Amino acid sequence: MNIFADFQARVADALRAMVGQGRLPQNLDLTRFVVEPPRDPSHGDLATNAAMVYAREAKEHFGNPRALAAALAEAIGAMPGVTAVEIAGPGFINIRLDPAMFADVLRAVLTDPSFGRGQASGGKVNVEYVSANPTGPMHVGHGRGAVFGDALANLIAFSGRDVTREYYINDAGVQVDVLARSAFLRYREALGETIGEIPEGLYPGDYLKPVGEKLKQQFGDTLLGKPESEWLPQVRQAAIDAMMDMIRTDLAAMNISHEVFFSERTLHGGADSPIAKAVADLRARGLIYEGRLPPPKGQLPDDWEDREQTLFRATEFGDDVDRPLVKSDGAYTYFAADIAYHKSKVDRGFLDMIDVWGADHGGYVKRMQAAVKAVSQGKAALDVRLCQLVKLMRDGQPVTMSKRAGTFVTLREVVDEVGVDAVRFMMLFRKNDAPLEFDLAKVLEQSKDNPVFYVQYAHARGSSVLRQAKAAFPDLALEGAALAQAPLALLQDEGEQGLMRLIAQFPRQVEAAAAAHEPHRIAFYLHDLASAFHSHWNSGKDKPQLRFVNEETRDLTIARVALVASLTRVIAAGLALLGVSAPQEMR
RNA sequence: GCACCCGUAGCUCAGCUGGAUAGAGCGCUGCCCUCCGAAGGCAGAGGCCAGGGGUUCGAAUCCCUUCGGGUGCGCCA
């Protein structure tokens with residue numbers, strides 16, 4: 001039940017009727033106006049800007065926006081559940097609702113386990129996130145993308161779309177060869193050799209030692225005498241598998257799992273490989289040519305050589321320059337593989353795809369979007385969400401991170417130290433494209449300026465009210481269906497009605513956040529909800545008659561318990577979207 | 001030099017795809033704690049939304065431009 005969407009539809013109907021009467025022109029785009037909660041609650045429960053939006057089209061019959069507003073207001077005033085309609089300012093229509101409408105919302109929350117969930121609609125959506133290289137442990141920056149992508153996928157699924165969570169494994173290219181050589185060194189170490197300092201250019205981390213041990217168990221010393229060309233493929237695969245196991249385990253520690261792990265390696269191969277096919281396809285459509293690229297302005301790379309190369313006409317799809325697909329050594333570029341990868345997504349039926357990347361890949365967005373347009377003949381759309389850096393702090397002081405000094409902080413260490421809930425909530429309590437300061441000490445504080453605590457505490461406090469109510473009235477049934485029978489009309493206090501209005505916004509917040517691909521909105525909405533709840537709680541200090549549980553007033557208590565139960569359900573549902581737990585108590 | 005992101009209270013940040021008088025936390029000032037959970041509460045001060053143009057009924061939000069930060073800039077992944 002989404003009263004904003006309901007009224008959006010009703011006002012659209014009213015406008016359509018006016019079109020039918022010839023009072024408004026045909027072919028009116030009825031999606032342009034909004035029905036939203038007014039910023040100032042004294043303006044009522046709902047407001048719409050429809051009269052102003054269509055003022056130009058209405059000029060002929062109505063003259064000015066206020067005249068159209070008057071006609072619309074008349075139609076709105078006749079709608080069920082509306083108690084008052086006012087025209088304000090340049091043509092806002094402010095609507096007051098029968099409190100019974102909000103009681104209906106509470107009953108929906110209490111009886112419908114999928115309150116806020118959108119209607120199943122639209123095609124499949126692919127969300128690709130994390131995609132960390134399988135060469136080592138994930139760091140905190142990966143964690144942000146991981147949490148963001150996961151919450152976004154939750155949100156979009158909840159809004160009614162069919163979502164696939166995907167991870168692209170960069171298991172081709174020189175990096176994984178370096179990984180293999182590094183693992184081979186650990187293998188020799190496991191066999192008793194003294195390997196000394198890890199040479200420059202190889203991965204020095206201890207995390208490869210278990211891989212060396214495993215190689216020893218698997219192969220004994222049989223790899224030692226062989227040339228690199230023979231052992232490398234085997235060692236490489238073993239190392240990649242071990243790294244992916246580690247990454248999957250660390251993701252699982254944050255309650256993140258993907259349905260699809262897509263291997264880049266499967267795109268490579270001979271003349272009938274997916275990359276070759278994708279390139280051939282584009283070439284057949286005249287989107288690939290042999291040509292020269294102007295050198296980049298500004299700082300010229302040291303090894304720049306002007307040469308003719310195979311280029312994709314990215315500029316035809318909005319990119320700044322055409323992009324090379326084949327390296328000077330004849331191998332395909334990473335971009336060529338990425339084209340084939342995204343073509344695979346299109347071939348698998350995804351016309352909506354979202355990639356979550358680190359901000360340092362921002363320069364790559366245009367070419368990827370160009371490629372998606374090209375391989376899908378313009379049918380598919382790619383949104384790339386860039387996650388900014390995470391600055392790790394402790395008590396306001398930056399935590400120094402240096403691989404060399406051995407103070408490199410992995411994502412897993414942070415999760416183990418502060419817990420999943422804190423990590424996930426804080427990562428989502430900021431817009432994805434804004435840098436984030438993550439304070440390891442602050443997120444554990446039990447105080448108002450720790451939003452994780454603040455929101456979870458609201459849920460615990462609400463749960464506490466339910467326990468109190470049960471203690472005061474042992475025969476009270478706390479199940480949703482029972483509470484839905486509560487005399488909700490008794491909820492007359494301003495604070496109570498404010499909470500009901502906020503609760504009624506949940507479906508709208510979900511819809512908007514999903515459409516905008518911005519899960520942080522849910523985190524902020526929950527913070528607002530928690531804040532309103534705590535504030536109303538506190539008003540019970542000065543006015544004991546406002547407390548939720550009063551033994552003298554059973555009916556009122558039941559109504560208030562229903563309100564609190566609704567609130568905790570919405571908080572729990574919102575936290576679930578973020579992947580954060582909703583504790584019953586926090587003692 | 002070019003592209004993308006960002007610039008909102010002293011600080012850290014929201015601002016619901018263009019709406020009404022600009023929002024929160026911290027910090028600051030002043031009151032308040034026997035009472036459902038005071039790991040606090042209430043109230044107040046604090047703003048030329050970086051600057052300047054434009055678009056329209058209406059701009060923090062969209063366009064242009066200047067300034068100031070960040071990230072990138074054949075073939076790395």
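Keep in mind that this is a model prediction, so the values were computed, not measured. Below, chain A is the first sequence line, B the second, and so on; all start at residue 1.
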Original post:
Does any nucleotide pair with B:rC28 by Watson-Crick or G-U wobble geometry, both distances under 3.5 Å, and what is it?
Top reply: B:rG44

Original post:
Is there a Watson-Crick or G-U wobble partner for B:rC2 with both distances under 3.5 Å, and which nucleotide is it?
Top reply: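 Answer to the pairing question: B:rG72, which forms a Watson-Crick or G-U pair with B:rC2.
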
**OP:** With rounding to the nearest 0.5 Å, note down the distance linking CD1 in A:Ile240 to CG in A:Asn133.
**Re:** 10.5 Å

Hey, does the side chain of [X] come within less than 4.0 Å of [N]'s phosphate (OP1/OP2), counting only N and O?
X	N	result
A:Lys543	B:rC35	no
A:Trp537	B:rG41	no
A:Ser535	B:rC42	yes
A:Arg430	B:rG15	no

Measuring only the [atom1] atom in each nucleotide, how far is [N] from [M]? A whole number of Å is fine.
N	M	atom1	answer
B:rU66	B:rG72	C1'	23 Å
B:rG23	B:rA60	P	13 Å
B:rC49	B:rG18	C1'	15 Å
B:rU71	B:rC16	C1'	28 Å
B:rG10	B:rA3	P	33 Å
B:rU8	B:rU61	C1'	12 Å

**OP:** Could you work out which one of B:rG15, B:rA77, B:rU17 sits closest to the side chain of A:Lys431?
**Re:**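 Given the options B:rG15, B:rA77, B:rU17, the side chain of A:Lys431 is closest to B:rG15.
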
Original post:
Taking the side chain of A:Trp304 as its heavy atoms from C-beta onward, which of B:rA77, B:rG74, B:rG15 lies nearest to it?
Top reply: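 Ranking B:rA77, B:rG74, B:rG15 by closest atom to the A:Trp304 side chain puts B:rG74 first.
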
Original post:
Should A:Ile558 and A:Phe473 count as side-chain neighbours, where that means a heavy-atom distance under 4.5 Å?
Top reply: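 No; the side chains remain at least 4.5 Å from each other.
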
Subject >> Check: A:Ile354 and A:Arg385 side chains under 4.5 Å, non-hydrogen atoms >> reply: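 When only atoms from C-beta onward are counted, A:Ile354 and A:Arg385 do touch, with a gap below 4.5 Å.
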
Original post:
Is there a stack between A:His361 and B:rA77, judged by ring centres under 5.5 Å and planes under 30°?
Top reply: yes

Original post:
Is there a donor N/O on one and an acceptor N/O on the other, under 3.5 Å, for the side chain of A:Arg461 and the base of B:rC36?
Top reply: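 Answer no: no donor N or O sits under 3.5 Å from an acceptor.
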
Original post:
A:Arg144 side chain to A:Val390 main-chain N or O, any donor-acceptor pair under 3.5 Å?
Top reply: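 Checked: no pair found.
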
Subject >> A:Phe261 and A:Tyr168: CA distance, side-chain angles, deciding distance, side chain to side chain contact (heavy atoms under 4.5 Å, CB included) verdict >> reply: CA-CA 6 Å; A:Phe261 284 84; A:Tyr168 183 54; over 6 Å; no

